2 protein chains.
Amino acid sequence: MRTQPAVECSIQRTLDLIGDRWTLLILRDLFRGVRRFSRIQEDLGIAKNLLTDRLGTLVDADIVERVPYQDRPVRHEYRLTEKGRALSPALLALMRWGDQYVSGGLAPTELVHDDCGTRLELQPWCTTCNVPVVPTDISSRPGPGRHTGSEDIRV
Amino acid sequence: MRTQPAVECSIQRTLDLIGDRWTLLILRDLFRGVRRFSRIQEDLGIAKNLLTDRLGTLVDADIVERVPYQDRPVRHEYRLTEKGRALSPALLALMRWGDQYVSGGLAPTELVHDDCGTRLELQPWCTTCNVPVVPTDISSRPGPGRHTGSEDIRV
DNA sequence: CGAGTCGGTTGAAAATCACAACTGACTCAC
DNA sequence: GTGAGTCAGTTGTGATTTTCAACCGACTCG
């Protein structure tokens, strides 16, 4: 268990929720359309009791919802909520990093823009200048949710 | 330990490397400029033996490098390599998600574009159409690194 | 009726983690 | 030159988590 109190950082808060060894993998399966307990379990090789526990946590956090897909016997599947779907940029960023640095630049799966078929990149975007922004052009500042004098992040 | 063989997915490969409870938090500290063993240790509240282990893994994976910052006694600090710095979009995406859904829309820390001060968003970008792309406009296809018939990802 | 499926629960063994104590190389104050 | 302090760890032990296998209940299908 974490001994420190939660710091004023959304990365920490996020990882406290979904940052364990299995949760992001479960979410990836849900994005892929693998929504049933047994399918996820065999796809990931996760222990059943852990999958029960992790899905419960995700449902409690409103990232995933449990919806019945049949009666007699009633059985449920797990679907991403809007909050869960909002994690797609994070998953995509992890995937693109893995493509470049773990899979040797050869993506096992590419994501493409429906309209034109172009392979998608993921980068910070400035909505004012309407240009992509590289890490060296980024600064940080305290936001409206800042309560204490914690340090800034440089990316 | 994972019982399944690594599947053809860069998310899984990435999470096998950095997807444990502490590693992304350590990387966040390195992005923030917290680079010394004892500073990271007290900032995160991680056990020292675990921090030793995680930093070793990151150095082995060439995500972080161990560089001396003084002699007598020689001491080292940990710096992100280019491979490590390339994780910034993933950290940023997790941070933005946390801002919106865990910190109640109030970001403790905002990232801004140096040139204009606009708060940064992170979204998939189509370099051909020169427009941001929403999840519903994304498709997936097997990429050059695909070896087996694994399933596609929908984000 | 018997076998099979799905979505779990339970219990025990194995792995991992947290915490405290200790170490080595060195500095700095006295 | 002794004593306290710092930094970056290592080691040992007990607590927590994870894994693995077995079992269960509700139901369907043959």
Side-chain angles (χ1 to χ4, degrees), chain A residues 1-7 12 15-27 29-30 33-61 64-80, chain B residues 1-7 12 15-27 29-30 32-61 63-80:
Chain A
M1 206 56 23
R2 189 95 4 103
T3 51
Q4 295 243 121
V7 301
Q12 179 140 8
L15 292 177
D16 283 346
L17 206 52
I18 60 168
D20 74 281
R21 202 182 335 287
W22 291 112
T23 302
L24 283 166
L25 251 14
I26 292 167
L27 291 170
D29 267 12
L30 296 176
V34 178
R35 287 190 261 269
R36 315 259 247 246
F37 186 93
S38 56
R39 290 295 317 285
I40 299 169
Q41 194 261 318
E42 67 194 35
D43 184 66
L44 299 182
I46 184 178
K48 288 169 153 200
N49 52 352
L50 273 200
L51 182 54
T52 301
D53 181 83
R54 295 297 182 273
L55 285 170
T57 302
L58 288 171
V59 169
D60 289 348
V64 163
E65 57 188 345
R66 191 165 173 268
V67 298
Y69 67 88
Q70 69 169 35
D71 299 326
R72 263 176 311 280
V74 59
R75 280 185 188 145
H76 303 83
E77 63 179 16
Y78 297 89
R79 290 175 174 274
L80 292 164
Chain B
M1 206 56 23
R2 191 91 6 102
T3 51
Q4 294 243 120
V7 301
Q12 178 139 13
L15 293 176
D16 283 346
L17 208 50
I18 59 168
D20 73 281
R21 206 186 326 290
W22 292 111
T23 301
L24 283 167
L25 251 15
I26 294 168
L27 291 170
D29 267 13
L30 296 177
R32 272 172 46 183
V34 179
R35 287 190 262 269
R36 315 257 247 245
F37 187 92
S38 56
R39 291 292 319 284
I40 299 170
Q41 194 261 317
E42 68 194 34
D43 184 68
L44 299 182
I46 183 178
K48 289 168 152 200
N49 51 352
L50 277 197
L51 181 55
T52 302
D53 180 84
R54 295 298 181 274
L55 286 170
T57 302
L58 288 170
V59 169
D60 289 347
I63 292 168
V64 163
E65 57 188 347
R66 192 165 174 269
V67 298
Y69 67 89
Q70 68 168 36
D71 298 327
R72 263 176 313 280
V74 60
R75 282 189 186 142
H76 302 83
E77 62 178 16
Y78 296 89
R79 289 175 174 274
L80 293 164

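Note that the structure is a prediction, hence the values are computed from the model and not measured. Chain naming here is simple, since letters A, B, ... match the order of the sequence lines and numbering starts at 1 in each. When reading the values below, keep in mind they use all heavy atoms of this one structure, side chains included, and skip hydrogens, waters and symmetry mates.
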Which whole-number value in Å describes the distance from [X] [atom1] to [N] [atom2]?
{"X": "B:D53", "N": "C:dA18", "atom1": "CG", "atom2": "C1'", "value": "14 Å"}
{"X": "B:Q41", "N": "C:dA20", "atom1": "CD", "atom2": "C1'", "value": "12 Å"}
{"X": "A:I46", "N": "C:dG7", "atom1": "CD1", "atom2": "P", "value": "15 Å"}
{"X": "A:R54", "N": "D:dT19", "atom1": "CZ", "atom2": "C1'", "value": "12 Å"}
{"X": "A:I40", "N": "C:dC6", "atom1": "CD1", "atom2": "C1'", "value": "13 Å"}
{"X": "B:L50", "N": "D:dT16", "atom1": "CG", "atom2": "C1'", "value": "12 Å"}
{"X": "A:R21", "N": "D:dT16", "atom1": "CZ", "atom2": "C1'", "value": "13 Å"}

_B:Q70 side-chain N/O to B:P73 backbone N/O, donor-acceptor pair under 3.5 Å_ =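 Yes, because the side chain of B:Q70 sits within donor-acceptor range (under 3.5 Å) of the backbone of B:P73.
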*For A:K48, does its backbone N or O pair with a side-chain atom of A:T52 as donor and acceptor, under 3.5 Å?*
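Answer holds: yes.
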*Residues which pass salt bridge (charged side-chain N to carboxylate O under 4.0 Å, His left out) with B:R79, listed by chain and number, not counting sequence neighbours*: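 Only B:E77 meet the salt bridge (charged side-chain N to carboxylate O under 4.0 Å, His left out) criterion with B:R79.
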*Examine C:dA18: is either OP1 or OP2 under 4.0 Å from a nitrogen or oxygen in the side chain of B:W22? Give yes or no.*
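True: B:W22 side-chain N/O within range (under 4.0 Å) of C:dA18 OP1/OP2.
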*Using a 4.0 Å heavy-atom cut-off, write out nucleotides 3-10 of chain D from 5' to 3' as B (base contacted by protein), S (sugar-phosphate only) or - (no contact).*
---BBSBB
